[in-house]
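Please read all numbers here as calculations on a predicted model, not as lab measurements. Whatever order the structure lists them in is the order used to number ligands and atoms, beginning at 1. Side-chain atoms are counted along with the backbone in the values below, which use heavy atoms only and exclude waters and symmetry mates.
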Amino acid sequence: MEKREELYHGKAKSVYTTDDADRLVLLFRNDTSAFDGKRIEQLDRKGMVNNKFNAFIMQKLEAAGIPTQFDKLLADNEVLVKKLAMIPVECVVRNYAAGSLVRRLGVEEGIQLNPPTFELFLKNDALGDPFINESHVQAFGWATLEQLAQMKAYSFKVNEVLGKLFDDAGLMLVDFKLEFGVFHGQIVLGDEFSPDGCRLWDKETRKKLDKDRFRQGLGDVIEGYEEVARRIGVPL
Ligand code: ADP
Ligand code: UDP
């Protein structure tokens with residue numbers, strides 16, 4: 001299946017139609033953005049690494065019973081996916097405090113959260129992806145109560161499956177963001193799971209191996225992503 005017209009040019013990926021009305025191609029670019037798109041740089045190999053990383057993770061999740069968009073890898077930077085009607089809400093699960101939670105609540109980075117937390121953000125760059133709650137999602141019709149319950153259950157299931165996968169590779173899954181959509185009436189995991197949208201620390205040293213290396217100017221950003229990929233067995 002080949003890509004046809006560009007439907008959408010996102011911050012990190014481009015979305016293309018295909019000859020199948022139910023399928024899209026996601027093209028992972030090297031563009032790397034932070035602070036709601038206010039800072040953008042090109043990082044060599046990022047598109048390829050994230051595409052292959054995402055394909056590997058989505059297949060693990062599918063095997064664990066979580067419905068995903070993944071269909072097949074088409075090229076180093078391209079994947080064929082189910083075309084979802086995206087729900088404009090980001091689901092964030094946290095196992096340790098970091099990022100906006102630390103800024104919002106003034107807690108110390110790295111404290112363990114037991115039980116893990118579940119948060120919702122509206123996907124809206126112009127507003128800086130504001131923090132929202134379940135009643136906003138319902139009141140504005142972004143998703144139904146049933147869809148939200150399914151998204152939450154899948155988010156915690158992803159945490160269980162990937163928490164173990166990364167732990168076995170000597171890594172802490174600090175937090176992550178998921179986006180879901182609807183495909184033939186069912187909630188399906190879309191977008192991507194890669195070090196761009198999660199936090200991963202080395203268990204021993206707590207070295208950051210995710211997008212915080214870019215946000216915080218720590219250097220060796222893609223080298224961090226590649227180290228994670230190598231440790232969990234992603235074929236690059
Ligand atoms: P952003 O929109 O934040 O700039 P990207 O550059 O990653 O993000 O763009 C990818 C876009 O494609 C996002 O808007 C995302 O919601 C959307 N998307 C991801 N997966 C799918 C899918 N399977 N079906 C339809 N749209 C998708
Ligand atoms: N995240 C993301 N896209 C966003 C916002 C957050 O992928 O638009 C991810 C981020 O990489 C982290 C998790 O969601 O793994 C929680 O992010 P947080 O709320 O701490 O925000 P940040 O500190 O990134 O602004």
From [atom], work out which of [options] has a heavy atom at the shortest distance.
atom	options	value
atom 11 (O) of ligand 2	K211, E119, R215	R215
atom 5 (C) of ligand 2	K11, E90, K177	E90
atom 7 (O) of ligand 1	H9, K123, K13	K13

Does ligand 1 have a heavy atom under 4.0 Å from the side chain of [X], from its backbone, from both, or from neither?
X	result
Q69	side chain
D125	neither
E179	side chain
L84	both
D191	both

Which protein non-hydrogen atom lies closest to [atom], naming both residue and atom, and how far is it?
atom	answer
atom 2 (O) of ligand 1	Y8 OH, 2.7 Å
atom 1 (P) of ligand 1	K11 NZ, 3.5 Å
atom 15 (O) of ligand 2	D175 OD1, 2.6 Å
atom 8 (O) of ligand 2	D129 OD2, 2.9 Å
atom 22 (P) of ligand 2	R199 NH2, 3.6 Å

Within the 3.5 Å criterion, strictly below it, is a donor on [X] or [Y] matched to an acceptor on the partner's side chain?
X	Y	result
S100	R94	yes
T68	E62	yes
N95	N159	yes
S14	E6	yes
N50	D196	yes

Exercise for the section: Say whether L27 and M58 are linked into one hydrophobic cluster, either directly or through other cluster members, by side-chain heavy-atom distances under 4.5 angstrom. Expected result: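 Each belongs to a different hydrophobic cluster.
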Handout entry: Cluster overlap L209 with L165, hydrophobic side-chain contacts below 4.5 Å
Key =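 Yes, because L209 and L165 connect within a single hydrophobic cluster, where side-chain heavy atoms sit under 4.5 Å apart.
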Numbered atoms of ligand 2 (with element) below 4.0 Å of [X], judged on heavy atoms:
X	answer
C198	11 (O), 15 (O)
D196	7 (O), 11 (O)
S100	18 (P), 19 (O), 20 (O), 21 (O), 23 (O)
G99	20 (O), 23 (O)
R103	22 (P), 23 (O), 25 (O)

Which atoms of ligand 1 sit under 4.0 Å from any heavy atom of [X]?
X	result
V81	23 (N)
K82	22 (C), 23 (N), 24 (N)
V15	11 (C), 12 (O)
L24	24 (N), 25 (C)

Problem - Min N/O separation M86 to ligand 1 under 3.5 Å - result: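 Not met; the criterion fails.
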Exercise for the section: Given side chain to side chain contact (heavy atoms under 4.5 Å, CB included), test I40 with K11 step by step and report yes or no. Expected result: CA-CA 8 Å; I40 301 174; K11 295 189 296 297; over 6 Å; no
Exercise for the section: Salt-bridge test for D202 and K208: reply yes if a basic N is under 4.0 Å from a carboxylate O, no otherwise. Expected result: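 Judged by the 4.0 Å cut-off on N to carboxylate O distance, D202 and K208 do not form a salt bridge.
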Problem - Cation-aromatic face contact R230/Y225, 6.0 Å, 45 degrees - result: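 Ring-cation test returns no.
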Problem - R215 to F35, cation-pi by 6.0 Å centre distance and 45° axis angle - result: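 Pair R215/F35 does not count as cation-pi.
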Handout entry: Side chains of E226 and V49 in contact at under 4.5 Å (non-hydrogen atoms)
Key =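 Counting from C-beta outward, E226 and V49 do come under 4.5 Å.
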Problem - Residue that, paired with D22, satisfies side chain to side chain donor-acceptor pair (under 3.5 Å) out of K82, H184, K83 - result: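 Exactly one option meets the side chain to side chain donor-acceptor pair (under 3.5 Å) with D22, and it is H184.
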Exercise for the section: For the pair F193 and F176, name the ring-plane relationship: parallel under 30°, tilted 30 to 60°, perpendicular over 60°. Expected result: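 F193 vs F176 ring planes: tilted.
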